[in-house]
Structure formats: C-alpha cells, structure tokens
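This report refers to the structure that appears directly beneath it.
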Amino acid sequence: MAEARIHDLFDAWLQRSPERVFIHLPGRDLAFGALGAMAAALEAELRTDGVRPGDRVLVVAENCPEHVALVVACSRVGAWSCSVNARMAPGEVAGFAAKADARVCYFTSGVSPAAAAHARCYHAKDAAVPGLERSPARPEAVAEPPPLGDEVAAVIFTSGTTGTPKGVLMTHDGVAHFGRVSAASRALGPHDRSYAFLPMTHIFGLGTVLMASLQAGASLVMRSAFDPADLLDALAHHGVTQLQGPPTLFARLLAHLEQTGITKPDAPHLRYVYTGAGPLDIVLKQRVEAAFGLPLHHGYGLSEYAGSTALTRLGQWRDDTAAGYPVEGAELRVVDPSTGHDLPVGERGEIWMRGRGLFPGYFRDAEATAAVMREGGWYASGDLGEFAADGALTVVGRLKEMIIRSGFNVYPGEVEAVLHAFPAVARAAVVGRPEADGNEEVLAFVELRHGATLDEAALRAHLREHLAPYKRPSRVQVVAELPATASGKILKRALLAQAG
C-alpha cells in the first residue's frame, strides 16, 4: 500500500488542527494554519509561473518555515523540490541549478545572507511569501513525464565528498514511508519537540526530522544553523524531547560544555538522543551518554535509500557503535564486492541494500545509476560493514577510503578510534595518500580538545600500543577545525589538499 504524498501529511494536520503549533522559532510560534496560508500562496505562484508536474524547483535554503511551505507547495503542484544549502559557493549552486534543469529558483533570503547573495546572481525578485525571493521562470526547462514524474517528490544532491555530486531521486512513497518508520522507531508523538537545525536540504533533516514529525504530529524547534549555546537554552527552556545530529554536532557540543564548565546539560524533557550521517566513535558515544544520562542511539542511512536502513532499538544501551537492525521494508547484505557473495557474520564487506526506500536512480544519469545497481535490484553502497551475531550492523568506513599499506587493508575508522581515545584529541580524520611505489601513506588530522596541547611523543607511544606498524599514521597534523559539509560529513579530499 502506497504511503501518503508529502502534502497529504501536511494537509491532514492543516484540516484537523489548523491552530496547532508546528514550528517554534525564537520569539514566535507558527501553527499549521499560518504555514498553510504560505503554502497556498506559493502553490498559486508556482502555477502562475507555469510550473508543471515533473518540473524541478531549486531551493537555495537554510532552515525556515518558508522552506517547509515551499516543499509542501511543490508537492501539491507535482514539482520536484531540489534543495541545496545556501552556504555553498556560487559555482556549486550554479552547477546544481544546471544539473536540475530548474524551472524556477527560490532563495530563503529572509534568514540567510548567503541565500540573498545567491539570489542577486539570479536576478531574483520578492516571492509571494515574505522572506523568499524567486528567479524568473525558465520556459525551456523540460518536465519529466510519468510515471517517474508523478512518483518523485524531491532531488537531493550528494555532497560530492567522494566524487562529482549526483541528483538522488526521492519518491513520495519512500520519503513518507521512512518518516513513518523513523517516528515509530522512537515512539514519536504529538507531545514531542525536535530540535530542528539539521538542514532540510539533506535527507537527515527532510526525512528524519520533518517527515517523521508530520507523520506523528510532533513539533519542531527550528533553527537555520547550529549554535551550541542556543541548543542548551532550547533543551532547558523550550521543551525539546528529541535531539538528533551527526557525530560532528555532538563533538562541537561537548567542546562547548568543556569551554563553559558545564558537566551535565539541563534537559528536563529530553528522552531521545540520536546520531547518524557519519561514523560514530566509541569515545564520543560514551561521553555523550555520560553527559545526558541517555543511550546515544545510532543508525545507518543514505540519500539513495530515503533515510535509514538500520536503527538501534529504542532505549537500548549498547557498548559498541553498531548502527542497529534493518528497518521495516529494508533488506541488507554484507558481500565480497568483487563477487557479490554474502560474507559470514563478523567479516567485513560492502553493504548492499534494497527495499521500499531505494531510489529509482540518479537524475538524468543512467551511467551513474548503472554503476551502483546490481542484479536483483540491489544497490551497492560503497560502504564497508559487518554483521554481529545478534544481527546488528556496524559500519566501518567507505570502500573508496580504505587504505592499502604494505599489502594490508587499513580502515580509517579503526585508526580514528585509536586517535579519539587519546586524551588531547577531540576529533580525528584519517586519509590515504598514494606514494610513488603504489603504496599509500596513512595521514591523520586532529582537532584538539579545549585548552589541550599535543604531546607528540605520548601520542606516538599510544599509537604503538594500539595499532600495528602498517596502520600507524606517518604524520599527525593538528588543524583548528576539520572541514565538513552542512550535514556533518568530514571533507577528506579537502584535508588531503591541506597536507604538505
């Protein structure tokens, strides 16, 4: 049975409880009725501009209610919302606009100076809703015909951390289905409030936060960017019950707690803490759990599956960094990438998946789609993982990031975990750099904890104790901050560029 379309979920609450508050902002609240008025104005504007089912609408955005209203309006018209983070460079935004063959572009200029700057490049004018600007419509844009044109809800562009960004097609059914699965996995209900700083330009913000909240009737404490001081205030005074984010968010929060001398945040309503969208380190996990007195839940997902394929169980304390168990509708395998044969429990291989949330392909890129699809409808993720005896999946890294040193496989996550266990290190990233003899050099980059200095001799002794010689970094470089995408993924190619 097909799930509801995005606007169906919103419209159900609009008709049932128009006065119900959905978004909490600093100094004001917005009910479904007010958001519904925005969505209606934008729907009318899209139709006036000739936007048709299967057209793409590029949204250069940071989180705001107007972005939510635009996603709903696109769904009602049948257009595909293609949201990109406003903090991207002008060339990146131009590339996404060209890839999307967008009929019209919108900019959330009211909350984002970066979006306003992009808007000027596109000769944008005020849109039907204050806080938004829109470009002139492009009559030459080609709409995608049915059935794909009717099935797709959105295009999420990959971060490009491992190659050229691609447009992931996300179906209404896949996104809505995952919203329901996500809400059920944490018993999300009408009395819950999620701290919604995660960009809705990423599946984490769109699916795990927005769609799950629409499914459950929960509300959002919405912010356009992450500020640890604001988060602590929201936890203490604004009824936040759900906190979700990438590991980098929690690392930044812990650093802020150290700087301010706070040992335990005031969070009287918080009942669920979750991390995803990046590798989880056991030391970080333990520190977060100690700070909040709650289990740090974990999951494994990606844009190509409209959300998470695996999640840990509600309330379960684990002493490992497993991403949990396959969710409803998802099938997972760990295989030898060269043969496609399943590997036994405890053995590392490539994670393959299929199921209800799987994407129908990359937008207008049959070659890239064929490169990742396998016989039987399986998607080869490029991620490395292993199953435990209890059926839980642990993700250990990226196949492309695996380092070959002296004929041995070096998993960056394993080396990073050892670095994280060193007292002075707050965060670490490990990359491989090709050498002339075909080997790869192991390089490490670290952020230090507040007030710490690096004792290189002590660190080398720590590495010798915990890592085989071929796994030890040849160099450990201290950086002020590890470069990351808006969704928290470490930009390892940028780190390689920094290496001397």
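Keep in mind that the numbers below use all heavy atoms, side chains included, and drop hydrogens, waters and symmetry copies.
Here the CZ atom belonging to Phe96 is positioned 9.0 Å from the CG atom belonging to Leu58, to the nearest 0.5 angstrom. Atom-to-atom distance recorded for Thr394:OG1 and Leu384:CG is 12.5 Å, nearest 0.5 angstrom. In this structure, CZ in Arg223 is found 13.0 Å from SG in Cys64, a value given to the nearest 0.5 Å. Atoms CG and NE2, from Leu254 and His450 in turn, are 13.5 Å apart once rounded to the nearest 0.5 Å. To the nearest 0.5 Å, the span separating OG on Ser182 from NE2 on His177 amounts to 11.0 Å. With values rounded to the nearest 0.5 angstrom, Leu249 atom CG is found 10.5 Å from Gln244 atom CD.
When every heavy atom of Gly239 is checked against every heavy atom of Arg193, the shortest pair comes out as O-CB, 3.6 Å. In terms of heavy atoms, Arg374 sits closest to Ala370 at NH1-O, 4.2 Å. Between Pro265 and Leu232, the closest heavy-atom pair is CB-CD2, 3.8 Å. Between Leu419 and Ala444, the shortest heavy-atom contact is CD1-CB, 3.8 Å. In this structure, Ala421 and Val283 approach most closely via the heavy-atom pair CA-CG2, 3.9 Å. Pairing each heavy atom of Ser213 with each of Ser194, the nearest pair is OG-OG, 4.3 Å.
Although no hydrogens or angles enter the test, the distance criterion places no donor-acceptor pair under 3.5 Å between the side chain of Asn85 and the main chain of Pro199. Between the side chain of Ser381 and the main chain of Trp352, no donor-acceptor pair closer than 3.5 Å is present. In this structure, the side chain of Thr369 engages the main chain of Tyr362 through a donor-acceptor pair within 3.5 Å.
In this structure, Arg313 satisfies the cation-pi test against Tyr325, with its NZ or CZ atom closer than 6.0 Å to the six-membered ring centre and inside 45 degrees of the ring normal. With a 6.0 Å cutoff to the six-membered ring centre and a 45° limit on the axis angle, Arg252 does not count as a cation-pi contact of Phe226.
Val59 places none of its side-chain heavy atoms less than 4.5 Å from the side chain of Val84. Ser83 has its side chain within reach of His67: a pair of non-hydrogen atoms, C-beta onward, lies under 4.5 Å apart. Annotation: side chain of Leu393 is in contact with side chain of Val334 (closest heavy-atom distance under 4.5 Å). At least one side-chain heavy atom of Leu243 sits under 4.5 Å from a side-chain heavy atom of Leu231. The shortest distance between side-chain heavy atoms of Phe157 and Val168 does not fall below 4.5 Å. In this structure, Phe250 and Val273 have side chains that are in contact, with non-hydrogen atoms separated by less than 4.5 Å. Contact annotation: the side chain of Val155 approaches that of Leu169 to within less than 4.5 Å [non-hydrogen atoms, C-beta and beyond]. The shortest distance between side-chain heavy atoms of Glu331 and Arg356 does not fall below 4.5 Å.
In this structure, Glu416 pairs ionically with Lys492, as a charged nitrogen and a carboxylate oxygen lie closer than 4.0 Å. Between Arg460 and Glu456, no side-chain nitrogen of the basic residue sits less than 4.0 Å from a carboxylate oxygen of the acidic one, so the salt-bridge criterion is not met. Remark: Asp101 engages Arg364 in a salt bridge, criterion side-chain N to carboxylate O under 4.0 Å. Taking the charged nitrogens against the carboxylate oxygens, Asp336 and Arg348 have no contact shorter than 4.0 Å, which rules out a salt bridge. Salt-bridge check for Asp192 with Arg271: passed, with a basic side-chain N closer than 4.0 Å to an acidic carboxylate O.
Of the options His420, Arg287, Gln286, Arg427, a side-chain hydrogen bond (donor to acceptor under 3.5 Å, both in side chains) to Asp281 is made by His420 and by none of the others. No option in Met170, Met353, Arg354 other than Met353 meets the side-chain contact (heavy atoms from CB on, under 4.5 Å) test with Tyr305.
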*Check step by step if side-chain contact (heavy atoms from CB on, under 4.5 Å) holds for Asp365 and Glu367.*
CA-CA 5 Å; Asp365 197 339; Glu367 184 178 352; 4.0 Å; yes

*Give the C-alpha distance, both sets of side-chain angles, the deciding distance and a yes or no for side-chain contact (heavy atoms from CB on, under 4.5 Å) between Thr275 and Leu296.*
CA-CA 7 Å; Thr275 191; Leu296 179 59; 4.0 Å; yes

*Kindly determine whether Glu440 and Arg405 satisfy salt bridge (Lys or Arg N to Asp or Glu O under 4.0 Å), including the steps that lead there.*
CA-CA 5 Å; Glu440 286 186 275; Arg405 180 74 185 170; over 6 Å; no

*Assess whether side-chain contact (heavy atoms from CB on, under 4.5 Å) is satisfied between Ser474 and Val442, documenting all intermediate values.*
CA-CA 6 Å; Ser474 60; Val442 182; 5.6 Å; no

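There is no side-chain donor-acceptor pair under 3.5 Å between Thr321 and His298. Between Thr108 and Glu62, the side chains place no donor N or O within less than 3.5 Å of an acceptor N or O (distance only, hydrogens not considered).
Tyr122 and Phe107 have tilted rings, their planes meeting at an angle from 30° to 60° on a 0 to 90° scale. In this structure, Phe197 and Tyr195 have tilted ring planes: the angle between them lies in the 30° to 60° band. Using a 30° and 60° split on the angle between ring planes, Phe422 and His462 fall in the tilted class, from 30° to 60°.
A distance below 6.0 Å separates the ring centres of Phe359 and Tyr379. Close placement of the His297 and Tyr272 rings is indicated, their centers lying within 6.0 Å of each other.
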